[in-house]
Novice: 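What follows is a single structure, and I will ask about it in a moment.
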Amino acid sequence: MTDLPDPKQPARYDAAEAEPRWRARWKAESAFVAEVDSAKPKYYVLEMFPYPSGKIHIGHGRNYVMGDVVARFKRMSGFNVLHPFGWDAFGLPAENAAIERRVHPKAWTYENIATMKAQLEVLGLSLDWSREFATCDPSYYKHQQRLFLDFVQHGLAYRKESSVNWDPVEHTVLANEQVIDGRGWRSGALVEKKALTQWFFKITHFADELLNDLATLERWPEKVRTMQANWIGRSEGARFTFKLTATPGDIDEIEVFTTRPDTLFGAAFVAIAPDHPLAAAVAKTDPALRNFIAECQRVGTSEAAIETAEKMGFDIGVTAVHPFDPNWTLPVYVANFVLMEYGTGAIFGSPAGDQRDLDFARKYALPVKPVVLPPGADADTHRIDDVAYTGPGTTYNSRFLDGLETRDAIARAIAELEKLGVGHGVTQYRLRDWGVSRQRYWGCPIPIIHCEACGPVGVPLKDLPVTLPEDVPFDVPGNPLDRHPTWKNVACPTCGKPGRRETDTMDTFVDSSWYFARFADASPADRPTNVQATDYWLPVDQYIGGIEHAILHLLYARFFVRAMKVAGHLNLSEPFAGLFTQGMITHETYRDSDGRWLSPEEVERRDGIVFRKCTDRPVEVGPAEKMSKSKKNVVPPEEIADSYGVDCARWFLMSDSPPERDSEWTQSGVDGAARLVQRIWRLLNEALPHLAPVGARPGATDGATLALRRAVHRTTHELTQDLSQFRFNRGVARLYELVNTLGGFDATTPGAGAALREAYDTLALLIAPMMPHLAEEAWALLGHDRMIVHAEWPAADPVLVAHDEVTVAIQINGKRRDEITLRKDAPGPEVEAAVLAMESIARALNGARPKKVIVVPNRIVNVVV
RNA sequence: GCCCCAGUGGCGGAAUGGUAGACGCGACAGACUCAAAAUCUGUUGUCCGCAAGGGUGUGCUGGUUCGAGUCCGGCCUGGGGCACCA
């Protein structure tokens with residue numbers, strides 16, 4: 001029996017066959033390799049590069065597909081597009097894998113990269129792979145070491161002491177995420193704070209610039225700019241000193257910072273950080289204070305842990321003299337909520353004007369004297385009970401500040417402090433310098449040699465890169481570089497005497513702070529950047545990544561380009577002209593009865609109950625959460641690619657949810673996308689015999705044919721806007737509407753051949769960014785010789801986009817009562833007359849006389865009675 | 001604890017201060033079929049009503065406005081970040 005195709009049942013689109021074929025052609029023609037071309041406008045689109053954690057899941061896919069849709073759309077729109085890819089390859093998980101599975105971090109990382117690259121290729125991304133690198137490649141981190149040395153030279157990197165989370169059992173520094181309820185995640189030991197001398201980048205040098213330039217980032221989400229501004233936290237206030245009545249450890253004063261010097265007459269106490277020098281001095285002779293400080297240090301270094309811990313203080317028995325009254329002394333406390341890193345590590349507490357100070361005062365029975373009278377309040381009756389008044393008002397109970405408004409009182413208080421010579425007005429930032437030292441193996445070595453005679457000396461450029469030794473064991477916790485028998489022993493480059501290598505490596509945020517610049521030209525072996533290439537390609541026109549990077553990564557990158565500019569490696573200040581923060585793909589989570597996470601592949605649903613596959617063990621189903629390896633709620637892209645085709649997955653990822661919001665991966669959504677793919681293919685095949693030849697242009701049309709043309713041009717117009725504005729889900733809806741219109745159009749309509757040609761050509765072009773393989777297949781079937789990746793984005797005809805009639809709702813007192821269809825832009829009086837003549841409106845008015853008729857042209861008519 | 005964001009049918013969501021629920025999913029009904037799958041057509045916020053029509057409805061609450069999902073105040077719930085996860 002022969003298998004003749006049924007003319008009524010066109011063959012189904014075979015994605016499994018077509019997709020690899022088109023990817024091979026793109027590759028063969030190097031369709032996505034970018035070259036500098038000054039004749040064309042450039043467009044650099046970049047998705048935040050991934051950490052090679054093992055496998056790509058469809059949640060990553062959303063990020064890359066989004067970027068790819070933009071890249072393909074811009075390429076078709078005439079831009080010279082750069083769309084590179086690489087790997088953020090240093091990091092803690094590789095070391096954890098080494099400890100847990102006895103694989104070397106390097107082997108583990110490069111294997112993961114190979115796996116993930118193969119997965120990515122299936123997604124059909126229009127990437128220029130010729131620029132690929134991993135940050136753990138010595139050919140990349142070599143240049144990072146050079147940048148580090150340049151920063152040292154320009155005073156942008158320096159050493160100072162700061163504290164880390166220390167696991168006293170494992171003798172290891174712990175990351176904040178490895179501290180769980182104050183204990184080490186593996187050892188369970190109570191974590192201690194430990195001071196180490198570490199390297200810092202001087203990001204505070206650019207604090208003002210980083211804050212002010214946020215205003216220039218017009219294509220960044222407002223919320224990200226707000227978050228960064230708050231993070232930098234510029235505040236104006238005063239720094240001044242309290243003289244002490246005793247001088248423990250020869251310390252005779254405390255410098256504090258405050259934004260509210262106007263509340264000084266409400267002061268009840270002075271509080272210092274547990275790691276303040278005065279605390280240490282007093283603790284020498286006070287065992288109880290030593291215990292208190294030790295207790296504070298068990299909280300760990302994270303601000304969240306410190307802020308959520310119960311507020312506690314310890315009176316150190318020293319008093320401080322009020323700067324405005326030598327006869328007024330205040331108790332000095334060590335308090336667990338005062339941070340050494342912020343301001344001066346000391347504050348004064350004015351309980352009536354600060355909630356935390358008030359809680360503290362109530363707890364330790366300190367006086368609460370209100371000094372700011374809220375607007376409208378009465379001085380005789382205004383009381384502070386459990387709620388502090390933190391707003392502005394009129395100063396009272398405050399001697400020479402009495403009667404002044406908050407603003408003036410602040411200025412007057414600062415003037416007084418200056419006159420007395422004990423303080424001055426200052427601008428303070430919450431932003432702290434960036435600590436980059438990590439006591440870990442799998443990171444970029446800090447290219448420094450410590451010499452007893454010369455101090456820290458930079459490794460000479462000719463000796464870069466300082467590479468990681470590979471013969472290291474991971475069965476003992478701690479930093480293998482520090483324990484290595486030979487690696488750290490090296491002669492001082494300056495004097496030749498025996499020296500020690502710096503065994504700390506760099507924070508992995510350093511790696512991701514300049515990779516986008518290296519992508520402009522990843523080839524130079526002798527310098528970090530090819531400035532000609534960076535001048536052409538940078539800044540990144542569209543950067544796409546998760547909102548979780550809104551502050552740290554993006555701020556560090558903004559710092560880095562400024563520092564690189566100082567060192568002569570770049571000519572710009574802002575790395576990312578446009579930013580889009582996409583939401584995450586979520587999926588339910590599954591837990592076995594023993595509490596282990598299970599992947600979606602390991603479970604099955606039977607009669608609505610979820611079981612571990614092939615067993616009777618029920619599985620606990622958790623809510624949809626961010627896809628993450630740790631919770632195993634991931635879906636691999638190959639699974640979808642093999643069954644439905646990757647275009648289907650791409651389409652689903654762009655549909656439904658707005659891209660900035662989280663989106664749940666569901667099977668029914670994938671099914672819907674698969675139906676659309678087949679529907680397009682079927683409609684195209686059915687219409688094909690009726691199409692005019694390639695290049696035919698529709699003449700004058702009317703009726704259904706004109707309506708079809710209008711639909712095509714309107715969709716083109718709207719989709720162009722939607723793609724430009726990252727409204728992919730709306731664009732998807734518009735394309736569904738167009739396909740519905742095509743499905744309802746009779747292809748045998750006389751004289752419709754040219755309009756149909758236009759419609760199907762346009763449809764193929766419009767779906768090309770989201771479903772590139774199907775678009776190529778359709779384009780070829782439509783008789784075009786060149787691939788659609790080289791085709792031009794269609795232009796909408798404004799005449800066909802415009803509507804000549806509009807339907808306007810009619811309200812009476814804001815409630816919709818009827819509607820009326822009028823020609824577009826009909827003048828107000830004409831609309832009003834038409835509306836008032838309507839029988840339904842007359843009935844609804846029931847004889848009442850309209851007081852006012854509001855006519856919003858082409859929108860709405862509201863009759864007010 | 002602090003900073004930022006979100007909340008709309010059974011579900012994902014749409015809506016320059018101007019017809020709330022586009023589009024998709026699901027459900028229901030019908031067509032085609034011996035039957036099924038696939039496909040196609042229709043209905044689908046909710047309440048009252050045979051219908052015409054009307055009430056009600058965007059987390060809660062108060063306000064601004066001719067008009068509020070949208071703007072403002074106060075809350076509730078969920079999410080992101082908090083400097084060593086990336």
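A, B, ... follow the sequence lines: proteins, then strands. Residue 1 opens every chain.
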Novice: Among B:U39, B:C23, B:U19, which nucleotide sits nearest the side chain of A:T807?
Specialist: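 Closest of the options to the side chain of A:T807: B:U19.
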
Novice: What distance, rounded to whole Å, do you find between the two P atoms, one in B:G45 and one in B:A22?
Specialist: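 Result for the P pair: 8 Å, nearest Å.
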
Novice: Would B:G30 be called syn or anti here, given the cut-off of 90° from 0?
Specialist: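 B:G30: anti glycosidic orientation.
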
Novice: Let's test your reading of the model: under 3.5 Å, does the base of B:C23 pair with the side chain of A:R730 as donor and acceptor?
Specialist: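 Under the 3.5 Å cut-off, the side chain and the base do not form any donor-acceptor pair.
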
Novice: With C1' as the reference atom in both, quote the distance from B:A14 to B:U61 in angstrom, rounded to an integer.
Specialist: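 Looking at atom C1' only, B:A14 and B:U61 are 27 Å apart.
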
Novice: Are there more than 12 heavy atoms of other residues, nucleotides or ligands under 6.0 Å from atom NZ of A:K815?
Specialist: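 At most 12 heavy atoms, drawn from other residues, nucleotides or ligands, come within 6.0 Å of this atom.
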
Novice: Which whole-number value in Å describes the distance from A:E660 CD to B:A6 C1'?
Specialist: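 From A:E660 CD to B:A6 C1': 10 Å.
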
Novice: Please give the distance between the P atoms of B:C11 and B:C60 as a whole number of Å.
Specialist: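 To the nearest whole Å, 15 Å.
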
Novice: Could you please name the option among B:A83, B:A22, B:U19 that lies closest to any side-chain atom of A:A733?
Specialist: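 The answer is B:A22.
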
Novice: Indicate whether the side chain of A:T301 and that of A:N176 have a donor and an acceptor atom separated by less than 3.5 Å.
Specialist: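 Note: A:T301 and A:N176 side chains meet the donor-acceptor criterion.
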
Novice: Out of A:R438, A:Q439, A:R440, which one pairs with A:D504 under the side chain to side chain donor-acceptor pair (under 3.5 Å) rule?
Specialist: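 Running side chain to side chain donor-acceptor pair (under 3.5 Å) over A:R438, A:Q439, A:R440 with A:D504 returns exactly one hit, A:Q439.
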
Novice: Find which nucleotide of RNA chain B each of A:G435 and A:E819 is nearest to by heavy atoms, and output the residue with the more 5' nucleotide.
Specialist: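 It is A:E819, whose closest nucleotide lies nearer the 5' terminus.
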
Novice: Provide the distance between the two C1' atoms, one in B:U8 and one in B:U77, to the nearest whole Å.
Specialist: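 Roughly 15 Å separates the two C1' atoms.
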
Novice: Over how many whole Å does the gap from A:Y342 atom OH to B:C82 atom C1' extend?
Specialist: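 Those two atoms, OH and C1', are 14 Å apart.
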
Novice: Would you indicate which nucleotide in B:G81, B:G13, B:U39 comes nearest to any side-chain atom of A:I551?
Specialist: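 The listed nucleotide nearest to A:I551's side chain is B:G81.
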
Novice: Can you tell which of B:C4, B:G18, B:C25 lies closest to the side chain of A:K223?
Specialist: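 Looking only at heavy atoms from C-beta outward on A:K223, the closest nucleotide is B:C4.
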
Novice: Looking at A:R727, does any N or O in its side chain come under 4.0 Å of the phosphate oxygens OP1/OP2 on B:C23?
Specialist: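 So the side chain of A:R727 is outside the cut-off, no N or O lying under 4.0 Å from OP1 or OP2 of B:C23.
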
Novice: Scan side-chain atoms only and decide if A:W220 and A:Q228 contain a donor-acceptor pair under the 3.5 Å cut-off.
Specialist: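 A:W220 vs A:Q228: no donor-acceptor pair found between side chains.
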
Novice: Distance check: side-chain N/O of A:R661 vs OP1/OP2 of B:G7, anything under 4.0 Å?
Specialist: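 So the side-chain polar atoms of A:R661 do come within 4.0 Å of the phosphate oxygens OP1 or OP2 of B:G7, strictly under.
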
Novice: Nearest to the A:S657 side chain among B:A86, B:C84, B:G13, which nucleotide is it?
Specialist: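 Nearest nucleotide to the side chain: B:G13.
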
Novice: Determine the interatomic distance between P on B:A20 and the same-named atom on B:U58; round to the nearest Å.
Specialist: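 Nearest-Å result for B:A20 against B:U58 at atom P: 12 Å.
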
Novice: Can you tell which of B:G13, B:A83, B:U19 lies closest to the side chain of A:I860?
Specialist: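 Per side-chain heavy atoms of A:I860, the pick is B:U19.
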
Novice: Please state the C1' separation for the pair B:G80 and B:U46 - nearest whole angstrom.
Specialist: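 Going atom to atom, C1' in each nucleotide, I get 35 Å.
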
Novice: Expressed as a whole number of Å, how far does the C1' atom of B:G79 sit from that of B:G26?
Specialist: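 Roughly 26 Å separates the two C1' atoms.
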
Novice: How far, in whole Å, is B:A38 from B:C85 if one measures between their P atoms?
Specialist: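 That atom pair is separated by 49 Å.
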
Novice: For B:G24, take OP1 and OP2 only and decide whether either is under 4.0 Å from a side-chain N or O of A:N740.
Specialist: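 Indeed, a polar side-chain atom of A:N740 lies that close.
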
Novice: For A:S668 and for A:T226, locate the closest nucleotide of RNA chain B by heavy-atom distance; then report the residue assigned to the nucleotide nearer the 5' terminus.
Specialist: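 Per heavy-atom nearest nucleotide, the more 5' residue is A:T226.
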
Novice: Using the side chain to side chain contact (heavy atoms under 4.5 Å, CB included) rule, take A:R225 and A:L579 through it: C-alpha gap first, then chi angles, then the decisive distance, then the call.
Specialist: CA-CA 11 Å; A:R225 290 191 277 167; A:L579 173 70; over 6 Å; no

Novice: Examine the side chains of A:R730 and A:Q725 and answer whether a donor and an acceptor come within less than 3.5 Å of each other.
Specialist: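 On atom types as modelled, these side chains do not qualify, holding no pair under 3.5 Å.
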
Novice: Whole-Å distance between B:C3 P and A:L211 CG?
Specialist: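 It works out to 17 Å between those atoms.
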
